[in-house]
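Here's the structure, in structure tokens; my notes come after.
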Amino acid sequence: MSKNALQKIFQLRELLEYHNYRYYVLDDPEIPDAGYDRLIRELSALEAEFPQYQSDDSPTRKVGGYAAKTFSEVEHAVPMRSLGNAFTEEAVVNFDRRVRELLDLGEGKMEYVAEPKLDGLAVSLTYENGWLVQAATRGDGRTGENITQNVRKVLGKATRLQGERIPAVLEARGEVFMRTDDFEAFNRSQKKAGQKTFVNPRNAAAGSLRQLDPGVTAARPLSIYCHGLGHVSDRQPPPTHRESMEWLRALGLPVSDRMKTVEGVEGCLGYYRELLGQREELPFHVDGVVYKVSRIDWQDRLGFTARAPRWAIAHKFPAQEEMTRVKKIEVQVGRTGAITPVARLKPVFVGGATVSNATLHNREEIARLDVRVGDCVIVRRAGEVIPEVVSVVLSRRKKGARAFAYPETCPVCRSPVVYERGGVIARCSGGLFCDAQKKESIRHFASRKAMDIGGLGEKLVEQLVDNRLIRDVAGLYTLTPEQLAGLAGMAEKSAGNLVGAIEKSKSTTLARFLYALGIPLVGEVTAEVLAGRLPDLEKISHPDEEELQCIPGVGPIVARSVSTFFDQPHNQAVIEKLKAAGVRWPAPQTPSGVTDSFFSGKTVVLTGTLGMPRSEARNRLQSLGARVTGSISKNTDYLIAGRDAGSKAGRAQQLGVEILDESRFLEHLGRPPEKGPDGVSA
Ligand code: IVH
């Protein structure tokens, strides 16, 4: 047994050395932190069981990093250690108990300082007489790399300490990191420039800081927070960690303002839960929280183990990245025919849920990842975001794994796949002929924020389409309880309930109806806007693209999508069928105060140059209840003609449309309608 254990110990050490090298030297880790932590724990457990095989060389004892040979070396005056990890609340309880036992404090509550654990790169900053003289990475904890020039820009004004009573030598320790928004913008610009992108902010920060050319670092969006003190001369440092940090802040160094003093385990766990709840909103990646015994004299009494202080611990957040295997790659056909490749995964627990599918987005993403069936991949699930494949662990790729080929025909209806946006987006050309698109459009139509037909789930829609009971969304309104009762999972009562829900959905709002139609690019908000601005479906059915464009929040691309949708005879036919089935919404309400305006309910066309921008004229007319269109027809009430009015004026004359010049237009903008003797608007 112990021979096997020894073999396993050596294997694990070798593996961990490899991963340390990738993480610390190449800034290109191959496995997620959670996977690394598991390997460390496995090795620690074996070393604890077989103490005869312990060694100071083991990755469980060393801090992990390396001083790269390319930078000059710096010896740390006080070693830079790592932190012990707690993955459970129980581990935090044990940590606290041990602290109190070692200090012989009995049952009294310990005061801790709780801080975010930033996911960045540890640095040491040495100031002499207030000037930054040296900055170093942690390296192996004893010797680091001299990155003084690289850190200057990150520190900005803080290369010089402020205030009085600055000690002759002061070493501050902290974390260099990249804020999430900076990371995203940086990766975008790297991609645009055809340069290396990074898998996460931590690697981007490390890769940016450890650049031999400090000019490159200076151009990268790095930030820093200090979280501790190293060597300090001639001045007694403050008696608590919190005061030390406040002192650093007073000296002009950046310190996290999320640091909090807490009491006992309950205080620690309360802080943990609070920060975990805010995790997605924080402006930087945080992989846990750190609890530190507040009193420095107690920290000194507790001291260090080989690797970490006994007075502090990192309480890790649940991993958002995990490793698993790709079983299959399939393509899904969406409501508008968009073809999305999806990785079917060996289920893995990540970010608080079991994940067995991850989107591969599009062709570009597949090419970037080069993910293949059988690959070992890193999967990320953060907050409400759909799980994604972050990268492929290439060293574990099996021989003969074949690159994924995009389909040329739709896997559902066999129609040709067409490529848009330079080949990035693939779309099934089958339209509503494609069952997949049909099903998706019906599901969308029935969804809660659309027509809200409760009880019409995915399985049922599948059966309705597969059994040819309905051909489009309008078909829903022809279903009978008898037809439904024959379907799998449908009892007589539920069939009756569903028909009731379908009936009830007929009474809706225009915004919901527009959203339910599934017009590409028209989400709930746009549907609301459209319904508010064009409250009459007759007009929406033949919307004027130019008019649509002028609605705030619509714009040319959405306007084009809306008018293309309504131009399709098959869409018109479905709308007609829905109306005939009795789908209805309350009549439009004229905005209050608008009924009285000269322009209310009138159709107006603008032409020529006006004193105010065209868009303003349009908005003002619309706010007075007018409908502003782009071309003159017999339905037009007024043509407003500015200077240099062109052909539209001629056409207005032909059709007998009244022309208002600019001064009359302005008059009417500010004036209520003229009243005839009977009080009716003229
Ligand atoms: S205190 C003696 N506080 O996490 C060790 N470290 O996993 C003192 N880190 O090496 C470390 N945020 O680079 C401390 N608020 C924080 C931290 C923090 C991030 C890093 C630090 C450390 C590593 C350990």
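Only this structure's heavy atoms are used, side chains among them; waters, hydrogens and symmetry mates stay out. Order of appearance sets the numbers: ligands from 1, and atoms from 1 within every ligand.
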Protein heavy atom at shortest distance from atom 8 (C) of ligand 1: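 Residue, atom and distance for the closest contact: Leu83 CD2, 4.3 Å.
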
Tell me the protein heavy atom at minimum distance from atom 17 (C) of ligand 1, and give that distance in Å.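 Checked against all protein heavy atoms, atom 17 (C) of ligand 1 sits closest to His227 CD2, 3.3 Å.
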
Heavy-atom contacts with [X] under 4.0 Å: which atoms of ligand 1 show up? List them by number with element.
| X | answer |
| --- | --- |
| Arg81 | 5 (C), 10 (O) |
| Val290 | 3 (N), 15 (N), 16 (C), 17 (C) |
| Ser82 | 5 (C), 7 (O), 24 (C) |
| Glu115 | 3 (N), 15 (N), 16 (C) |

Just to be sure I read this right, does ligand 1 sit under 4.0 Å from the backbone of [X], its side chain, both, or neither, counting only heavy atoms?
| X | value |
| --- | --- |
| Pro116 | backbone |
| Arg138 | side chain |
| Ala122 | both |

Going by atom types alone, do [X] and [Y] pair a side-chain donor with an acceptor below 3.5 Å?
| X | Y | answer |
| --- | --- | --- |
| Tyr23 | Asn203 | no |
| Thr261 | Arg242 | yes |
| Gln211 | Gln149 | no |
| Glu47 | Ser44 | no |

Val216 vs Asp213 side-chain heavy atoms within contact, under 4.5 Å: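 When only atoms from C-beta onward are counted, Asp213 and Val216 do touch, with a gap below 4.5 Å.
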
Any idea how Phe284 and Tyr225 line up, ring-wise: parallel (<30°), tilted (30 to 60°), or perpendicular (>60°)?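 Phe284 and Tyr225: perpendicular rings.
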
Counting both backbone and side chain atoms, is some N or O of Leu118 under 3.5 Å from an N or O of ligand 1?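 For ligand 1, there is an N or O atom that lies under 3.5 Å from one belonging to Leu118.
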
Do ligand 1 and Glu175 have nitrogen or oxygen atoms that lie under 3.5 Å from each other?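 Right, the criterion is met.
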
Cation-pi check, Arg41 onto Phe87 ring (under 6.0 Å, within 45° of axis):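 Judged by the rule, Arg41 and Phe87 form a cation-pi pair.
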
Flag this pair as yes if the NZ/CZ of Arg13 is under 6.0 angstrom from the six-membered ring centre of Phe10 and inside a 45 degree cone about the axis; otherwise no.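 Yes, Arg13 sits over the ring of Phe10.
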
Would you call Arg295 and Asp297 a salt bridge, using N to O less than 4.0 angstrom?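 So Arg295 pairs with Asp297 through a salt bridge.
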
Evaluating non-hydrogen atoms only, which member of Pro309, Gly174, Pro79 is closest to atom 2 (C) of ligand 1?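 Going through Pro309, Gly174, Pro79 one by one, Pro309 has the nearest heavy atom to atom 2 (C) of ligand 1.
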
For atom 3 (N) of ligand 1, which of Lys117, Lys292, Arg258, His241 has the closest heavy atom?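 Looking at heavy atoms only, Lys292 sits closest to atom 3 (N) of ligand 1.
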
